[in-house]
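Reviewing the structure listed below.
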Amino acid sequence: MLRLHDTATGTVRPLELRDPGHVSIYACGLTVYDLPHIGHGRGWLVFDVLRRYLRFRGLEVRYVSNVTDIDDQIIERAAAEGRSESEVARQFEDAWWEASDALGVLRPDDAPRATEYVEQMVALVAELVERGFAYETSTGVYLSVEKVDGYGLLAHQSLASLKAGARVEIDAEKRSPVDFVLWKKAKPGEPTWESPFGPGRPGWHTECVVMSLDLLGEGFDLHGGGVDLMFPHHENERAQAVALGRKFAQHWIHYGWVMVGADKMSKSLHNFVTVADQLARSDPRAYRLLVLRSQYRSQIEITPETSADAGRALERLDGLARRFELHQAVDLQREALGADMAAEVTPPELERFVSHMDDDLDTPGALAGIFDALSRAHALGDRGKTDEARALARSVQVLCGVLGISLRARDELPLDAQSARLVAERDDARSRHDYARSDAIRDRLTALGWIVEDGPAGTTLRR
RNA sequence: GGCGGCGUGGCCGAGUGGUUUAGGCAGGGGCCUGCAAAGCCCCGUACGGCGGUUCGAUUCCGCCCGCCGCCUCCA
C-alpha cells in the first residue's frame, strides 16, 4: 500500500481509499495569466508519476485539476493589454496544455474552469452566510475563520499565531484579519456575475471546494499542490467544507519548490524559466529524470548544468534500449501503464521498485534500483547470458515507463545521403583493414555531428 | 516574532545507531576494441561545528553556525 506524507498529520501514512480500488485526486491547477514555468512543470510531473504509479498498481484513478480563468492577475493583464479577460485566459490555458503535453504529462480526467462553476460558488457562499459562518461587508463576503473548528490544521499554526503573524492590510470591516474573501463585490470595469450580495466575482479559495466536491464527491482521497498552497489556499478550502459540514479531502500532499540559486522561482522575482525554455535546451525526458531524481517534497534546483547531467544519465538508459533492441515501446501517450505490465518486470526488480515508490514516492530510490538493474543487464549480456539480460533490460524499460519515461532504441533521425555513403565506405575500409581511411571517415562523420560506434553490424550513427 | 525544513565524498542526491554498496554525473585505473565509442570491473573511504547519551553516532538529544521555505498573490 502506498504510504504518503500527509500535511494534515505531518506524518507519512497509508493513503486510505474511500472506495477500495478507486483513487480520487484533486490538484489545484494554474491561474492562466502567464506562461507556465518549470516550477509548475515539476508539480505536473509529480502528480503525473503518482497517477501512473497508482495505475500500475492496479488502481483506477480519477484525477481532477482545475483552470482558474478569472482572477486579479488575469484582469490586470487584460487591462494592461487592452484585451478581454477571456482572451487572456484562453491564450494561456492553451499554452499550459501545450507545455504539459510536451512534458508527456497525462491530461486530467476533468479540468474544470472556474467560470463554469460560478453559479455553484454563489450557492455555496449563500449557504455559508445562511449558516452564520460568513458575513457581508462593503467590499465582499468573508468567512469568519474563528467559527471553524481546527482552523490552522494545514498551516500547523494556531489561530492566535496566525493572527499575530498576519501581514494582510488592515480592513476595519473584517471581524478578524485572518478572515478571507468568498465573494468580491464588483469594481468598475471588472467582469461580474450576479449574486444575492450584488454583482461581483468569486474568491479564489471557493472554486476549488466547489469543483472538487462536485466532481469527486465528499471525502475524496487526496488533495494537493505546491507547498505555498498549504496556507492559505488549502486551509481556506478546508475551512469552507468544514463550515458546510461536508467531508473534505482525507489526505493532503504538497510538493517542494524549484529554486533558482538561493531564491525560489517566482513571477515576482522574474527569475523563472518557462517550460518551453527548458525544452529548448533539454529532452523533456531529461527534465523529468531530473525532477524524479529528488524526492518530491524537497526543494530542487534546475540549471543548465543539472539538466545536462540528467541528459547524460538518460543517454545511458537509451543505450540499454539500443543494445537490447527494445523496440516494443511502452505506450505513454494517453494510457498510463496498467497493472498487467507488472508481469513483464522481473520479481526482484519489481519488489525493489514498489517498496521505494510505496515509501512516500521515493523516486530517487526507485531510480537507483533501475540503474542498478541496467548495469546488471549489460554485465549479463557481456557474459553471453542473453535471455536473463533481456529480461532485466525489459524490466528497466517497463519501470521507466511507469515513471513516464519512454526509452528509445534508435534515433528517429534519418540518415542523409552523404552520411549513408560515408558509413558504407567506412565499413568497406574496415573490412579491408584500411584503418587510416576508416578513421578519416569517422572524423568526417564526427564533424557532421554524429557519434560513431562500431558494432557487430558495422558502423552505426547516432546524435 | 510564530511555524517548518535543510546542511552527506568534485557536483547532484538517497539512506542508516556498528557488520556489503544508495544511485546518477564528472574523475582515475583496468578489461573489451585495430584505435575509438558504448559497455563491464575496480577506486576516492563523505556525512556543518561543539558537547551529550551509548560499548559504538553521519544516523538519537542539546547548543551553535550557515542556508531555505511558509505566515501576503504565488506551483
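Numbered from 1 within each chain, the chains take letters A, B, ... in sequence-line order. Since the structure is predicted, the reported quantities are computational estimates derived from the model, not experimental observations.
Under the rule for a salt bridge (Lys or Arg N to Asp or Glu O under 4.0 Å), the partners of A:R437 that lie at least two apart in sequence or sit in another chain are A:E425. Legend: residues meeting side chain to side chain donor-acceptor pair (under 3.5 Å) with A:R316, ordered by chain and number and at least two apart, are A:S375. Scored by the side chain to side chain donor-acceptor pair (under 3.5 Å) test, A:D94 finds no partners at all (sequence neighbours excluded). Residues forming a salt bridge (Lys or Arg N to Asp or Glu O under 4.0 Å) with A:E76 (at least two apart in sequence, or on another chain): none. The side chain to side chain donor-acceptor pair (under 3.5 Å) check on A:T346 picks up A:E349, A:S395, with sequence neighbours excluded. Take A:R285 and apply the side chain to side chain donor-acceptor pair (under 3.5 Å) test, not counting sequence neighbours, and it matches A:D283, A:D318.
Of the N and O atoms on the side chains of A:D360 and A:Q295, at least one donor lies less than 3.5 Å from an acceptor on the other residue.
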Please write out the pairs of protein N or O atoms and N or O atoms of nucleotides 59-61 of chain B separated by less than 3.5 Å, giving the distance to one decimal.
none

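Where pairing requires Watson-Crick or G-U contacts shorter than 3.5 Å, the helical stems of RNA chain B with at least three consecutive pairs are B:1-7 with B:65-71, B:10-12 with B:23-25, B:27-31 with B:39-43, B:48-52 with B:60-64.
Under 4.0 angstrom from either OP1 or OP2 of B:A14 there lies at least one side-chain N or O belonging to A:S298.
Rounded to whole Å, atom P of B:G34 lies 8 Å from atom CZ of A:R430.
Within residues 280-293 of chain A, the residues having any heavy atom closer than 4.0 Å to RNA chain B are, in order of number, A:R293.
For A:A368, taking side-chain heavy atoms from C-beta onward, the closest of the listed nucleotides B:A22, B:G69, B:U72 is B:A22. Side-chain proximity of A:F371 to the nucleotides B:C68, B:G24, B:A75 is greatest for B:G24.
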**Item:** Under 4.0 Å protein heavy-atom contacts per nucleotide of nucleotides 1-10 of chain B, with B for base, S for backbone only and - for none
**Value:** BBS-------

**Summary of protein contacts for nucleotides 37-42 of chain B, nucleotide by nucleotide, where a base hit scores B, a sugar-phosphate-only hit scores S (4.0 Å, heavy atoms)** = BSSS--

Donor-acceptor pairs under 3.5 Å, side chain of residues 231-241 of chain A to any protein atom, not counting sequence neighbours: which ones?
residue	atom	partner	partner atom	Å
A:H233	ND1	A:H205	ND1	2.9
A:H233	NE2	A:E237	OE2	2.8
A:H234	ND1	A:H254	NE2	2.7
A:H234	NE2	A:H223	NE2	3.3
A:E235	OE1	A:L154	N	2.9
A:E235	OE1	A:A155	N	2.8
A:E235	OE2	A:G152	N	2.7
A:E235	OE2	A:L153	N	3.1
A:N236	OD1	A:Y151	OH	2.4
A:N236	ND2	A:H205	NE2	3.3
A:N236	ND2	A:P232	O	3.4
A:E237	OE1	A:H223	NE2	3.4
A:R238	NH1	A:G150	O	3.4
A:Q240	OE1	A:T206	OG1	3.0
A:Q240	NE2	A:H205	O	3.1
A:Q240	NE2	A:N236	O	3.1

